[in-house]
Amino acid sequence: MPELPEVETTLRGIEPSLQGRVIKQVRVRNAALRWPITREVQQAVGQTVQGLRRRAKYLLIECDSGGLMCHLGMSGSLRICQDGDPPRKHDHFDLVLDSGDCVRFHDPRRFGALLWWNPPWQEHVLLRELGPEPLSTEFDGSYLWRRSRGLQVAVKNFIMNGKIVVGVGNIYAAEALFMAGIHPSRAAGRIALERYRGLATTIKDVLAHAIRRGGTTLRDFHSASGEPGYFAQELLVYDREGHGCFQCQAPIRRSVIGQRSSYYCPQCQR
DNA sequence: CGAGGGACCTGGTTGC
DNA sequence: TGCAACCAGGTCCCTC
């Protein structure tokens, strides 16, 4: 479900309910997420939420000292409800606030995570080695070009590698490569600087545009308020196998690259 | 070091 | 209708 735009949409949705509130309770119904939820997260109890931020696809809830860190994995979502609303299946934890609101985490596949971090969050082991944010100025074509020299890996895997750049998931990798006219299985080290300039631009464009649209809803993504995202209607290649390319009418192809489905136009992408 | 594959989970869809 | 196979938005970790 969640790529960077969906995480950003979620953050914006829960922020008004969390900002400045005291966390009264961290209620764990099922600790068996990607990593077991530990007792450390109870340090949040009694602390005031100072702010929310996103790093890669991690949501950080900054408290007075330290904070919580949540990842939505493949199928996770956070929504605001009232403490006392009956939990549904797969509602694994709640952050109960002094307002009576409750931030509720739902995740059928349980690839998500809830962790505690001690400051500075930048040094957390899961965040320390991450590449730049795609929407930052340090991420550009020359950065991609520099990092890719000598690499044989497919460019699609390259841009989905969080040590290179964060937040580019399977959907938006396919979309950005199509818009840049680059074949997803081309070796990353065999792409010229000019083409990387184009790719960095399309990555920024597709992510920024999807955020404005409230994320992509393919199956079940809903924002914190329950609204679906509206980007799915605008996908150019993702999940369009056999349908005509919007640019040249050739049938869109699907192939597996790095164990993930990859969609591309065999005519427009080289 | 880079590249590739398995692992973690549940549920929806597809095809026999 | 039943059941098995396959597929899914992420990413860490192991092996070669």
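Naming convention: chains lettered A, B, ... in sequence-line order (proteins, then strands); numbering from 1 in each chain.
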Exercise for the section: Please confirm whether any donor atom in the side chain of E3(A) sits under 3.5 Å from an acceptor in the base of dG10(C), or the reverse. Expected result: no
Completion exercise
Between I23(A) and C63(A), the two heavy atoms sitting closest are CD1-SG, 4.1 Å
Fill in the blank from the handout: Here the distance between atom C1' of dG9(C) and atom CD1 of I257(A), to the nearest Å, is 17 Å
Practice task
Take the protein atom CG of D91(A) and the nucleotide atom C1' of dT10(B), then report the distance between them rounded to whole Å.
Solution key: 15 Å
Exercise for the section: Report yes if the side chains of F178(A) and V237(A) come closer than 4.5 Å at any heavy-atom pair, otherwise no. Expected result: yes
Handout entry: Presence of H90(A) side-chain N/O under 4.0 Å of dG11(B) phosphate oxygens OP1/OP2
Key = yes
Exercise for the section: Provide the distance between the two C1' atoms, one in dG11(B) and one in dC12(C), to the nearest whole Å. Expected result: 23 Å
Exercise for the section: Scan R53(A), R212(A), R54(A) and name whichever one has a salt bridge (charged side-chain N to carboxylate O under 4.0 Å, His left out) with E8(A). Expected result: R54(A)
Problem - Protein-nucleotide distance (R34(A), atom CZ; dT11(C), atom P), rounded to Å - result: 8 Å
Practice task
Could you state the atom-to-atom distance from CG of D107(A) to P of dA8(C) in whole Å?
Solution key: 18 Å
Handout entry: F111(A) over dC8(B), stacked by centroid distance under 5.5 Å, angle under 30°
Key = yes
Practice task
Go through the side-chain N and O atoms of Y143(A) and R147(A) and say whether any donor and acceptor fall under 3.5 Å apart.
Solution key: yes
Distances for protein N/O vs nucleotides 14-16 of chain C N/O pairs under 3.5 angstrom?
none

Handout entry: Point-to-point distance, once rounded to the nearest 0.5 Å, from CZ of R79(A) to SG of C102(A)
Key = 11.5 Å
Exercise for the section: Would you mind classifying the nucleic acid contact of K89(A) as base, sugar-phosphate or nothing, using non-hydrogen atoms under 4.0 angstrom? Expected result: sugar-phosphate
Exercise for the section: Give one of base, sugar-phosphate or nothing for R110(A), where a contact means two heavy atoms less than 4.0 Å apart. Expected result: sugar-phosphate
Handout entry: Residue pair A176(A) / I203(A): nearest heavy atoms and the distance that separates them
Key = CB-CG1, 3.6 Å
Practice task
Could you go through the side-chain contact (heavy atoms from CB on, under 4.5 Å) check for L207(A) and Y172(A) one step at a time?
Solution key: CA-CA 7 Å; L207(A) 292 174; Y172(A) 300 113; 3.9 Å; yes
Practice task
Establish, with yes or no, whether the OP1 or OP2 oxygen of dG10(C) is under 4.0 angstrom from a side-chain nitrogen or oxygen of S75(A).
Solution key: no
Exercise for the section: Check for a donor-acceptor pair, side chain of E6(A) on one end and backbone N or O of E3(A) on the other, with a separation under 3.5 Å. Expected result: yes
Practice task
Give a yes-or-no answer on whether the side chains of D94(A) and Q25(A) include a donor-acceptor pair shorter than 3.5 Å.
Solution key: no
Exercise for the section: Have a look at Y58(A) and say if it touches a base, only the backbone sugar-phosphate, or nothing, with a 4.0 Å heavy-atom cut-off. Expected result: sugar-phosphate
Practice task
Ignoring backbone atoms, establish whether Y172(A) has a side-chain N or O less than 4.0 Å from OP1 or OP2 of dG9(C).
Solution key: no
Exercise for the section: Give the rounded distance in Å between these two atoms: CG of N157(A) and C1' of dG4(B). Expected result: 9 Å
Fill in the blank from the handout: On DNA chain B, more 5' by nearest nucleotide between V153(A) and Q259(A) is V153(A)
Exercise for the section: State whether R260(A) places a side-chain N or O below 4.0 Å from either non-bridging phosphate oxygen (OP1 or OP2) of dG9(C). Expected result: yes
Problem - Consecutive-pair stems (at least three Watson-Crick or G-U pairs, under 3.5 Å) that include DNA chain B - result: B:2-8 with C:10-16, B:10-16 with C:2-8
Practice task
Hey, could you give me each pair passing side-chain hydrogen bond (donor to acceptor under 3.5 Å, both in side chains) that has a residue in residues 118-131 of chain A? Not counting sequence neighbours.
Solution key: W116(A)-N118(A)
Handout entry: Rounded distance (Å) that lies between atom C1' of dG10(C) and atom CG of L72(A)
Key = 10 Å
Handout entry: Distance between P atoms of dC7(C) and dG5(B) (Å, rounded)
Key = 15 Å
Exercise for the section: Answer yes or no: is there a side-chain heavy-atom contact under 4.5 Å between D107(A) and H92(A)? Expected result: yes
Handout entry: Separation between the C1' atoms of dT11(C) and dG12(B), rounded to whole Å
Key = 23 Å
Problem - Length of the CH2-P vector between W35(A) and dC12(C), whole Å - result: 6 Å
Exercise for the section: Nearest whole angstrom, please: distance from the P of dC8(B) to the CZ of R109(A). Expected result: 13 Å
